[in-house]
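The shown structure was predicted, so the numbers you read here are calculated from the model rather than taken from an experiment.
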Amino acid sequence: MKVFPLLLAALAVSSLSLAAPPAAPPAGEYLTEQGWGVLTLKPASASGQPFSLSTVGSNAHVCQVEGVVRQGHAQVPTEGSDERCEMDFVRQGNDIALSSTPGCRYFCGMRAGLDGLYLRPAPGCDTASVRQQRKLFKQRYDQKDYAGAVNTLAPVLARCQKTLDWLGAHWLRNDLALAQLRLGDAAACRATLQPLAADAARSDDAIRDSYPPSDAESYLGVLKAARTNLKLCR
């Protein structure tokens with residue numbers, strides 16, 4: 001006779017568990033593939049989980065937005081606009097899928113957007129860690145410790161390729177290749193620069209025809225360095 005009430009109590013507890021809101025994702029930085037978006041989550045509290053979001057689209061157009069996530073949802077005020085900005089943050093394993101309403105374009109340039117999958121970066125691949133490793137590379141390179149410089153930067157390029165922004169990754173290639181050359185390894189220098197070789201062989205006008213103006217000029221800076229380094233690595 002006592003089994004039935006206990007069973008009801010167990011079912012009630014189970015129902016409450018199923019209805020519980022999803023746990024907040026871990027605080028920290030999340031990056032899109034090719035690093036065009038950076039989502040930063042602060043620790044959750046009773047009032048929600050503060051976030052900041054920064055993305056870069058083509059031709060250097062950007063989005064910048066801050067708010068608070070509550071149970072996977074955020075509403076961000078858009079002053080002077082009739083459209084509401086609402087965002088959903090859905091956990092997918094260690095990552096976060098972000099979707100937003102059209103009103104969130106209030107925070108974006110014409111060619112930039114917010115929606116996408118934001119990945120938990122591999123260890124040492126968050127923005128601050130990559131910046132620190134690049135600084136350490138420069139210190140070692142300037143000290144003519146070329147072996148140390150290569151051993152600092154090569155793992156970053158290998159491990160963090162997925163979430164590095166496209167221009168940043170290309171500059172890393174140029175830096176690493178030059179250190180490999182100074183170390184006497186011309187073959188490694190050429191291999192590192194191989195992904196840039198085809199575009200480096202194209203004319204500046206051809207590159208400008210293939211990219212929006214701001215992107216083209218930024219990429220040409222990368223390619224001019226690559227052209228010089230490829231000649232040195234022959």
Side-chain angles (χ1 to χ4, degrees), residues 7-133 156 159-169 215:
L7 179 59
L8 286 178
L11 288 172
V13 171
S14 176
S15 297
L16 286 173
S17 298
L18 290 174
E29 185 178 80
Y30 296 79
L31 304 171
T32 61
E33 285 196 34
Q34 297 188 329
W36 57 264
V38 182
L39 168 65
T40 304
L41 293 175
K42 295 184 179 180
S45 66
S47 59
Q49 189 168 22
F51 76 90
S52 62
L53 185 57
S54 175
T55 68
V56 179
S58 63
N59 213 32
H61 289 201
V62 300
C63 299
Q64 298 280 350
V65 58
E66 296 182 349
V68 177
V69 184
R70 298 180 179 88
Q71 298 183 18
H73 187 76
Q75 294 184 5
V76 186
T78 54
E79 297 181 9
S81 173
D82 296 331
E83 293 190 275
R84 298 174 65 180
C85 173
E86 299 190 31
M87 301 180 184
D88 287 315
F89 298 73
V90 179
R91 291 187 67 175
Q92 294 187 1
N94 294 324
D95 309 322
I96 299 173
L98 172 67
S99 59
S100 62
T101 60
C104 295
R105 293 212 53 80
Y106 173 88
F107 299 100
C108 295
M110 184 181 299
R111 300 189 185 187
L114 298 167
D115 294 4
L117 183 63
Y118 291 75
L119 311 173
R120 191 70 166 171
C125 294
D126 59 278
T127 303
S129 294
V130 172
R131 187 183 301 116
Q132 182 179 16
Q133 290 302 100
V156 176
R159 185 174 61 244
C160 306
Q161 182 70 39
K162 189 173 186 178
T163 52
L164 288 171
D165 73 273
W166 70 290
L167 287 172
D215 295 349

### Query
Do V65 and L114 come within less than 4.5 Å of each other through their side chains, counting heavy atoms only?
yes
### Message
Can you give me the closest heavy-atom contact between N94 and R120, atom names plus distance?
### Response
O-CB, 3.4 Å
### Task
Return yes if a side-chain donor-acceptor contact under 3.5 Å exists between S54 and Q64, otherwise no.
yes
### Message
With heavy-atom distances below 4.5 Å as the criterion, would you say the side chains of D165 and V56 are in contact?
### Response
no
### F107 vs V62 side-chain heavy atoms within contact, under 4.5 Å
no
### Query
Are any of the side-chain heavy atoms of E86 and C104 separated by less than 4.5 Å?
no
### Message
Restricting to non-hydrogen atoms, name the atom on C125 and the atom on L31 that form the minimum distance, rounded to 0.1 Å.
### Response
O-CD1, 3.7 Å
### Query
Can T127 and E29 be counted as having a side-chain donor-acceptor contact under 3.5 angstrom?
yes
### Query
Got a second to check how far D215's CG is from W166's CH2, nearest 0.5 Å?
5.5 Å
### Approximate separation, where rounding is to 0.5 Å, of T163 OG1 and E33 CD
9.0 Å
### Task
Return yes if some donor-acceptor pair links the side-chain N/O of T32 with the main-chain N/O of G37 below 3.5 Å, else return no.
yes
### Task
Scan side-chain atoms only and decide if D115 and S100 contain a donor-acceptor pair under the 3.5 Å cut-off.
yes
### Message
Quick check: do S81 and E79 have side-chain heavy atoms less than 4.5 Å from each other?
### Response
no
#### Entry: Which atom of Q49 lies closest to which atom of P25, heavy atoms considered
NE2-O, 3.0 Å
### Message
side chain to side chain contact (heavy atoms under 4.5 Å, CB included) for V130 and L164? Distances and angles first, verdict last.
### Response
CA-CA 9 Å; V130 172; L164 288 171; 4.1 Å; yes
### Query
So does Q161 have more than 12 non-hydrogen atoms from other groups sitting under 6.0 Å from CD?
yes
### Summary
Correct closest heavy-atom pair for P43 and P50 would be O-CD, 3.8 Å
### Message
Quick one, Q92 and L117 - any side-chain contact, counting heavy atoms below 4.5 Å?
### Response
yes
### Task
Mind checking the CZ-CE spacing from R105 to M110? Nearest 0.5 Å is all I need.
8.5 Å
### Message
Measuring from atom CZ of R159 to atom OG of S129, what distance do you get when rounded to the nearest 0.5 angstrom?
### Response
8.5 Å
### Message
For the backbone of R111 and the side chain of H61, can you confirm whether one donor and one acceptor N or O come within less than 3.5 Å of each other?
### Response
yes
### Task
Using the side chain to side chain contact (heavy atoms under 4.5 Å, CB included) rule, pick out the option among L39, T40, L41 that qualifies with Y118.
L39
#### Entry: Neighbour count above 12 (heavy atom, 6.0 Å) for Q75 CD
yes
### Query
Is there a side-chain contact between V68 and R70 (heavy atoms, below 4.5 Å)?
yes
### Aromatic ring proximity, centroids under 6.0 angstrom, F51 and F89
yes
## Note on the structure
All heavy atoms of T101 vs all of R84, minimum pair found to be OG1-O, 3.0 Å
### Task
Flag the pair K162 / L119 as yes when at least one side-chain heavy-atom distance between them is below 4.5 Å, and no otherwise.
yes
### Query
Taking all atoms of both residues into account, what is the closest heavy-atom pair of C85 and T78, and its distance?
CB-CG2, 3.8 Å
